[in-house]
K.L.:
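Below is the structure I would like to discuss, written out as structure tokens.
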Amino acid sequence: MPSAQTKILWLRKTLRIHDNPTLKACMEDASTVLPVYVLDKWHSNPQNVGDVRFEFIMESLRNLDEKFKKCGVDAGVIFVRGEPEKVLPKIWEAVDAKAIGFDTSEEAEKHSQKTDEDVAGLANKADVKVIDEPAHWMHPPGLYERHMNGGEVPTTMSSFETLFSQCGSVREPLSAPKSIPYDKGTADKALDAIRKALDVEDLTVPKSGDNKFYKGLKREQRKLRFPGGEDEALKRLEKVVEKQPDWVASFEKPKTAPTGLEPQTTVLSPYLNAGCLSLRRAWHAVKKAEKDAKGKPTQPPTSLAGQLLWREHWLTIGYFTEEDISKMKGNPLARQIDWDWDNDAKELFAKWEAGETGYPFIDAIMTQLREEGWIHHLARHMVACFLTRGDCFVSWEKGFDVFDRLLIDADWSVNSCNWMWLSCSAFFYQYFRCYSPISFGKKWDPDGDYIRKYVPALKDMPKKYIYEPWKAPREVQEKAKCIIGKDYPERIIEDHTATSKENMNRIKEDYDLSSSTVK
DNA sequence: GGCCGTGTTGGGAAT
DNA sequence: GATTCCCAACACGGC
């Protein structure tokens, strides 16, 4: 009875076959492994997941589909729509699956934990074994938990590093399987049963150019600057890490420019986030590069290894904090700050999001974010400071939403923690350290080439005025074919220096208030 | 992984 | 060759 050994691999954030312990566990004693991706309502909605981020997932799935097929999984990835807790039980019943594999460490999001629990609960009831093999982190959550000894999750990098080292060395990544158990007769019957149970014809991953699919979701299919997929991830790892050990060993994050027309960092984050690349694989590649390099490697937190530690650090905070850390209220980590949300603030926010602040550096960054789905870490600092404590005094939660929708590396925990950091709500409190939208970019890019690329209206503005075009005399604006107020917007904040000073005082008041009420 | 004003210093050109 | 001046490049501290 071949169906007795059919197992379902529920794909979410581990969109790869290398170093995939859940896949490996599913393969044991299985005659057929059926990989399933469930596109839920939340991810379908362009208001939650923007077109670029969505396409990154779709490309990753298409690549994974190919890879499964090459391993003998004839049907490739089974692509269905609906809510996992509703769809998956129908599938395991239809195919008489004995087990379902998924990684509960993958997502710290509170709503995902609920979905995970629901799916696991229903599986238990149906006598379907749940295979939970943590794949997404360097160390599994349970290992951190043991070493936390019932204590709180670390909230500083140095305490996290201690915890990380107590967990021992990072396990070596598993290699990708050459073939995956698949019995075509069983699988074909299973697919038919799934079609019947879900009342759908097509179970394949939508192809590139499938207009019906994209239109149905009210989406435009986007051409990506950073293509999704495991093959792309491994290619990039090879290019930026394995083949340039000296660069890896000398890497210091704060010294990389946010304005590079070619990224000055690795851009591995989208691949790590979607699980196209295993963190353990990346970790060992970085460690090997450090060893192979001529000079002494730089150290965390600014080194490349340090960047992987930051990710892991934020993931543990999201996972081990019971409350929703993407919100300010009820968030034990976040300082309570009286952000503005009147009509003026709403307008500032809308202009910020649209890249129409009248500050060229801000607008260039927001345009790159919208068009390409990735921006440099310090560019994130710049626009986050501007939206929150620096200029607009809008809550970091609003910025979180925009980043969550637009970034191809959007991770719920990482994103929450970084927004709290930049807005001086948690982890970092030096509110008088404020980024200037004029001088910050100039340091790296005095000619303003970055601005010229992403804000074409300013392409012919002389270097002298590229960061402050409102200062250009009328005849200069005319010559550059860029009249401020007509071809490029007026500033939404007239005086950055004065406004940021006022805002510093407001943060200070909130700080004083919270320190007098707490304790 | 601030910014800015102020102060110091050290090399190079002019005298 | 010694002196002066200029200014870029840092360093520091207050916000």
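The sequence lines fix the lettering, A, B, ..., with proteins before strands; numbering per chain opens at 1. The shown structure was predicted, so the numbers you read here are calculated from the model rather than taken from an experiment.
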K.L.:
Mind checking whether A:Phe361 and A:Tyr454 have ring centres under 6.0 Å apart?
P.N.:
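So the answer is no for these two rings.
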K.L.:
How far, in whole Å, is B:dG1 from C:dC10 if one measures between their P atoms?
P.N.:
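Each nucleotide's P atom is 15 Å from the other's.
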K.L.:
For A:Lys442, answer base if it contacts any base atom (sugar-phosphate contacts may also be present), sugar-phosphate if it contacts only those atoms, and nothing otherwise; contact means non-hydrogen atoms under 4.0 Å.
P.N.:
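Nothing, no heavy atom under 4.0 Å.
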K.L.:
Which one, C:dC15, B:dG1, B:dC3, comes nearest to the side chain of A:Lys501?
P.N.:
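From the listed options, C:dC15 comes nearest.
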K.L.:
For C:dC15, does either OP1 or OP2 sit under 4.0 Å from a side-chain N or O belonging to A:Lys508?
P.N.:
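Answer no for this pair, as no side-chain N or O of A:Lys508 is under 4.0 Å from OP1 or OP2.
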K.L.:
Output the rounded distance in Å from CE (A:Met504) to C1' (C:dC15).
P.N.:
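To the nearest whole Å, that distance equals 7 Å.
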K.L.:
What is the separation between atom CZ on A:Arg389 and atom C1' on B:dC3, rounded to the nearest whole Å?
P.N.:
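Answer to the nearest Å: 12 Å.
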K.L.:
Within a reach of under 6.0 Å around NZ of A:Lys459, are more than 12 heavy atoms found that belong to other residues, nucleotides or ligands?
P.N.:
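Count not over threshold, so no.
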K.L.:
Would you mind reading off the distance between A:Tyr431 atom OH and C:dC15 atom C1', rounded to a whole angstrom?
P.N.:
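Value for this atom pair: 9 Å.
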K.L.:
By the definition ring-ring contact (aromatic ring centres under 6.0 Å, His included), identify the one residue from A:Tyr144, A:Trp137, A:Trp412 that meets it with A:Tyr319.
P.N.:
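The passing option is A:Trp137.
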K.L.:
Base, sugar-phosphate, or nothing for A:Phe432, non-hydrogen atoms under 4.0 angstrom?
P.N.:
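Base, at least one base atom sits under 4.0 Å.
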K.L.:
How long is the line joining NZ of A:Lys443 and C1' of B:dC3, in whole Å?
P.N.:
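Taking atom C1' of B:dC3 as the reference, NZ of A:Lys443 is at 9 Å.
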K.L.:
Is there a side-chain polar atom (N or O) of A:Ser436 under 4.0 Å from OP1 or OP2 of B:dG2?
P.N.:
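Checking B:dG2 against A:Ser436, no side-chain N or O comes under 4.0 Å of OP1 or OP2.
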K.L.:
When the aromatic ring centroids of A:Trp314 and A:Phe427 are compared, is their separation below 6.0 Å?
P.N.:
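Here the rings of A:Phe427 and A:Trp314 have centres that are less than 6.0 Å from each other.
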K.L.:
In whole angstroms, how far is the C1' atom of B:dC3 from the CG atom of A:Leu378?
P.N.:
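It is 15 Å, rounded to the nearest whole Å.
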K.L.:
Is the phosphate of B:dC3, meaning OP1 or OP2, less than 4.0 Å from a side-chain N or O of A:Ser500?
P.N.:
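False: A:Ser500 side-chain N/O out of range (4.0 Å or more) of B:dC3 OP1/OP2.
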K.L.:
Using O4'-C1'-N9-C4 for purines and O4'-C1'-N1-C2 for pyrimidines, with syn meaning within 90° of 0, is B:dG1 syn or anti?
P.N.:
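For B:dG1, whose glycosidic angle is within 90° of 0, the conformation is syn.
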K.L.:
Let me know the distance between CZ of A:Phe361 and C1' of B:dG2, rounded to the nearest Å.
P.N.:
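Atom-to-atom, A:Phe361 to B:dG2, this comes out as 13 Å.
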K.L.:
From CD1 of A:Ile507 over to C1' of B:dG2, roughly how many Å is that when rounded to an integer?
P.N.:
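Going from A:Ile507 (CD1) to B:dG2 (C1'), I get 15 Å.
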K.L.:
Do the side chains of A:Ile451 and A:Tyr359 get nearer than 4.5 Å, heavy atoms only?
P.N.:
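No, too far: nothing below the 4.5 Å cut-off.
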K.L.:
Expressed in angstrom and rounded to an integer, what is the separation of A:Gln430 atom CD from C:dG14 atom C1'?
P.N.:
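The distance from CD of A:Gln430 to C1' of C:dG14 comes to 13 Å, rounded to the nearest Å.
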